There are 2 protein chains.
Amino acid sequence: MIQLSKKVEYGLIALRHMAIHQQGQIFTAKELANIYDVPYELLAKVLQKLARTGTISSIQGVRGGYMLIKKPSELSISRIIRIIEGEKPMIAECYVDGPDSCSIFDNCSIRRPLGKVQRNLNVLFDKMTIQEIV
Amino acid sequence: MIQLSKKVEYGLIALRHMAIHQQGQIFTAKELANIYDVPYELLAKVLQKLARTGTISSIQGVRGGYMLIKKPSELSISRIIRIIEGEKPMIAECYVDGPDSCSIFDNCSIRRPLGKVQRNLNVLFDKMTIQEIV
DNA sequence: CATAAATACGACTCTAATGGTCTTATATCG
DNA sequence: CGATATAAGACCATTAGAGTCGTATTTATG
């Protein structure tokens with residue numbers, strides 16, 4: 001089973017929601033959680049991460065919330081995954097940092113198959129943006 | 001974190017190994033487990049599944065083992081995943097069987113983002129074959 | 001200025017899936 | 001018969017993931 005985590009799923013849902021609505025509009029975590037029937041706290045954490053990385057801006061206090069500040073076309077799936085999952089939209093660790101991260105990389109025939117799959121997946125997720133899922 | 005299971009990883013490793021060697025050659029599970037330093041029992045189970053589905057043939061008894069009987073170019077990653085993981089190389093359940101599997105499919109804006117990701121991933125994994133990772 | 005409505009953030013629990021092991025049965029070659 | 005394979009299922013242990021809770025902080029507004 002190959003799966004994106006719920007966090008990534010919720011992140012994509014939220015970003016998409018913001019993307020299809022008017023630019024500059026503010027959405028609260030609670031609001032989004034209600035609309036999509038998704039656990040509020042979990043979604044909130046995801047939104048906080050996205051906010052910390054400058055993907056969305058957060059406004060605290062009453063009438064606060066979140067607002068998309070990047071263009072949907074600039075937000076690749078790769079990037080979202082990396083933000084939410086922490087640097088690793090990866091299938092095998094070896095391929096994150098290249099040769100140096102694995103001592104036997106050179107003649108590591110083991111991970112070979114995964115490497116190719118990985119690279120293809122990267123190409124796909126790099127190209128795909130929020131724009132496309134609107 | 002997006003990840004293929006170890007089973008799939010071992011399956012790909014084994015199939016690739018068979019594919020790069022002479023057609024018709026027999027390999028034992030133990031042999032493969034040693035070469036790639038992978039848990040024998042687990043690999044064995046994967047090979048058994050591949051055998052049951054006609055991807056490789058199994059020969060029991062002394063001097064037995066496994067033999068690739070399909071062309072590497074006919075073995076897509078999708079197919080391998082489906083064989084090993086059981087019908088679901090999927091990101092969100094909704095999209096396995098199409099509309100009927102989800103009651104609110106029509107206006108289910110929730111899973112929308114995943115749907116597109118899913119379709120793209122399917123295209124990628126359908127096109128990629130063992131041939132390519134040799 | 002008090003209150004309510006938000007975000008921020010970390011600690012915690014629970015569960016299910018995964019990876020791995022063990023045991024037993026069966027087949028087959030010599 | 002015995003050695004060496006596959007076949008298959010039961011079993012366990014660990015981990016990651018999903019979700020919850022509590023508390024602090026910020027801020028608009030009556």
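Everything numeric here is computed off the predicted structure, so don't read it as measured data. Numbered from 1 within each chain, the chains take letters A, B, ... in sequence-line order.
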Close N/O contacts between protein and nucleotides 26-30 of chain C (under 3.5 Å):
| residue | atom | partner | partner atom | Å |
| --- | --- | --- | --- | --- |
| C/dA27 | O4' | B/Gln60 | OE1 | 2.8 |
| C/dT28 | O2 | B/Val62 | N | 3.4 |

Nucleotides 20-24 of chain D: which of its N/O atoms have a protein N/O under 3.5 Å away?
| residue | atom | partner | partner atom | Å |
| --- | --- | --- | --- | --- |
| D/dT20 | O4 | A/Lys45 | NZ | 2.9 |

For the pair A/Asn120 and A/Leu124, evaluate side chain to side chain contact (heavy atoms under 4.5 Å, CB included) and give the outcome as yes or no after the intermediate values. CA-CA 6 Å; A/Asn120 282 342; A/Leu124 170 62; over 6 Å; no

Determine whether A/Thr129 and A/Ile77 satisfy the following criterion, side chain to side chain contact (heavy atoms under 4.5 Å, CB included), listing intermediate values before the conclusion. CA-CA 6 Å; A/Thr129 70; A/Ile77 304 295; over 6 Å; no

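In this structure, B/Glu132 pairs ionically with A/Lys116, as a charged nitrogen and a carboxylate oxygen lie closer than 4.0 Å.
Separating the CG atom of B/Leu43 from the P atom of C/dG20 is a distance of 11 Å, rounded to the nearest angstrom. In this structure, the OH atom of B/Tyr10 is 11 Å from the C1' atom of C/dT18, given to the nearest Å. The separation between A/Arg52 atom CZ and C/dA8 atom P is 8 Å, rounded to whole Å. Taking atom CD1 of residue B/Ile84 and atom P of nucleotide C/dG19, one finds them 11 Å apart after rounding to whole Å. With rounding to whole Å, A/Lys49 atom NZ is found 12 Å from C/dG10 atom C1'. Here C/dC9 presents its P atom at 14 Å from NZ of A/Lys7, a figure rounded to the nearest Å. Rounding to whole angstrom units, NZ of residue A/Lys6 and P of C/dT15 are separated by 18 Å. Atom CD in A/Glu85 sits about 12 Å away from atom P in D/dA16, given to the nearest Å.
Under the side chain to side chain contact (heavy atoms under 4.5 Å, CB included) criterion, B/Ala14 pairs with B/Leu32, B/Leu43, B/Leu47, sequence neighbours left out. Partners of B/Asn34 by side-chain hydrogen bond (donor to acceptor under 3.5 Å, both in side chains), not counting sequence neighbours: none found. The side chain to side chain contact (heavy atoms under 4.5 Å, CB included) test applied to B/Arg63 returns no partner, not counting sequence neighbours. With sequence neighbours left out, the side-chain hydrogen bond (donor to acceptor under 3.5 Å, both in side chains) criterion links B/Thr53 to B/Thr55.
Distances shown here put a side-chain N or O of A/Ser58 below 4.0 Å from the OP1 or OP2 atom of C/dA8.
Under the 4.5 Å side-chain criterion, counting only non-hydrogen atoms from C-beta, B/Leu15 is not in contact with B/Ile133.
Applying the side-chain hydrogen bond (donor to acceptor under 3.5 Å, both in side chains) test to pairs two or more places apart or on separate chains, those with a residue in residues 17-32 of chain A are A/His17-A/Tyr36. Among pairs with a residue in residues 66-78 of chain A, none fulfils salt bridge (charged side-chain N to carboxylate O under 4.0 Å, His left out), at least two apart in sequence or across chains.
For the residue pair A/Ser78 / A/Asp126, a side-chain donor-acceptor distance below 3.5 Å is found, with atom types taken as modelled.
In the hydrophobic clustering, where aliphatic and aromatic side chains (Ile, Leu, Val, Met, Phe, Trp, Tyr) are joined below 4.5 Å either directly or transitively, A/Ile69 groups with A/Ile26, A/Ile59, A/Met67. Hydrophobic cluster of A/Val62: no remaining members, since no ILVMFWY side chain lies below 4.5 Å from it.
A pairwise comparison of heavy atoms in A/Tyr10 and A/Pro39 identifies OH-CD, 3.7 Å as the closest pair.
Residues of residues 26-34 of chain A having a heavy atom closer than 4.0 Å to DNA chain C, listed by number: A/Thr28, A/Ala29.
Between its opening and closing five pairs, the helix from C/dC1-D/dG30 to C/dG30-D/dC1 changes axis direction by 10°, a value rounded to 10 degrees.
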